[in-house]
Amino acid sequence: MIFARIGTATAWILFIYGCVTAAMGIYFAASGLGHEAAQEYFNTATTGELINGSFRDAGIGLALGIASEVVLKLNSIKQALAQLKDLDIKGTRDAVLDVIRAKSSG
């Protein structure tokens, strides 16, 4: 559970970093600062390389965020099923769905 939360935080950081550096790369390319600014601030050869790397970082952050959300939802379903077992409810489909909906909405 702690790794899913760490993954979510890391995903947000990567995604925001990727978006900000992409915006800066596009600004450098459009404003005429060009390769010199990319080399000075980000140690990349060109602004295109900076933009490509930033989209990669944002994409990795997005994929990690999706994976973290899947783990959190699966854990929520697992807890809901454990609650059903603790309540000794054996089988009715509606009761199972009610508990899962209550867990996932809260």
Side-chain angles (χ1 to χ4, degrees):
M1 186 71 170
I2 187 72
F3 292 113
R5 302 237 185 253
I6 291 170
T8 302
T10 305
W12 275 108
I13 290 169
L14 272 173
F15 185 73
I16 291 170
Y17 173 76
C19 290
V20 168
T21 54
M24 291 178 75
I26 292 168
Y27 172 74
F28 289 159
S31 68
L33 295 174
H35 305 308
E36 296 83 21
Q39 288 172 350
E40 182 177 344
Y41 296 117
F42 292 101
N43 198 26
T44 59
T46 64
T47 54
E49 185 180 318
L50 173 63
I51 294 168
N52 287 341
S54 61
F55 282 139
R56 181 198 60 229
D57 292 342
I60 291 171
L62 187 64
L64 182 60
I66 291 170
S68 297
E69 284 297 316
V70 167
V71 167
L72 289 172
K73 291 295 178 186
L74 286 176
N75 192 32
S76 174
I77 291 171
K78 181 181 170 184
Q79 288 176 352
L81 291 175
Q83 182 183 2
L84 279 175
K85 191 174 184 180
D86 290 343
L87 292 174
D88 207 26
I89 297 174
K90 299 217 182 203
T92 64
R93 182 176 178 272
D94 294 332
V96 171
L97 292 175
D98 289 342
V99 172
I100 290 173
R101 283 186 195 116
K103 279 291 189 180
S104 65
S105 67

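In this chain, residues are counted from 1 in sequence order. Any value given below was found using the heavy atoms of this structure, including those in side chains, with hydrogens, waters and symmetry copies removed.
With rounding to the nearest 0.5 Å, the separation of CD in Glu36 from OG1 in Thr47 is 10.0 Å. Atoms CD1 and OG1, on Ile66 and Thr8 in that order, are 11.5 Å from each other to the nearest 0.5 Å. Separation of atoms SG (Cys19) and CG (Leu14) is listed at 10.5 Å; rounding is to 0.5 Å. Distance check, rounded to the nearest 0.5 Å: CG of Asp57 to CG of Asn52 gives 11.0 Å.
Residues Tyr17 and Leu64 do not share a hydrophobic cluster, defined by chaining ILVMFWY side chains whose heavy atoms lie under 4.5 Å apart. Following chains of ILVMFWY side-chain contacts shorter than 4.5 Å, one cannot reach Ile77 starting from Val70, and the two form parts of different hydrophobic clusters. Val20 and Tyr41 fall within a single hydrophobic cluster, where Ile, Leu, Val, Met, Phe, Trp and Tyr are joined by side-chain heavy atoms under 4.5 Å apart, directly or via other members.
Cluster partners of Ile26, using a side-chain heavy-atom cutoff of under 4.5 Å among ILVMFWY residues and allowing indirect links, are Ile51, Phe55. With side-chain heavy atoms closer than 4.5 Å counting as contact, directly or through intermediates, the hydrophobic cluster containing Ile2 also holds Phe3, Ile6.
Judged by distance alone, the side chain of Ser76 and the main-chain N or O of Leu72 form no donor-acceptor pair under 3.5 Å.
Looking at residues two or more places apart in sequence or on another chain, you find a side-chain contact (heavy atoms from CB on, under 4.5 Å) between Thr44 and Ala38, Phe42, Glu49, Leu50.
Heavy atoms from other residues, nucleotides or ligands lying under 6.0 Å from CZ of Phe28 number more than 12.
Looking at every heavy atom in both residues, Gly7 comes nearest to Ser68 through C-OG, 3.3 Å.
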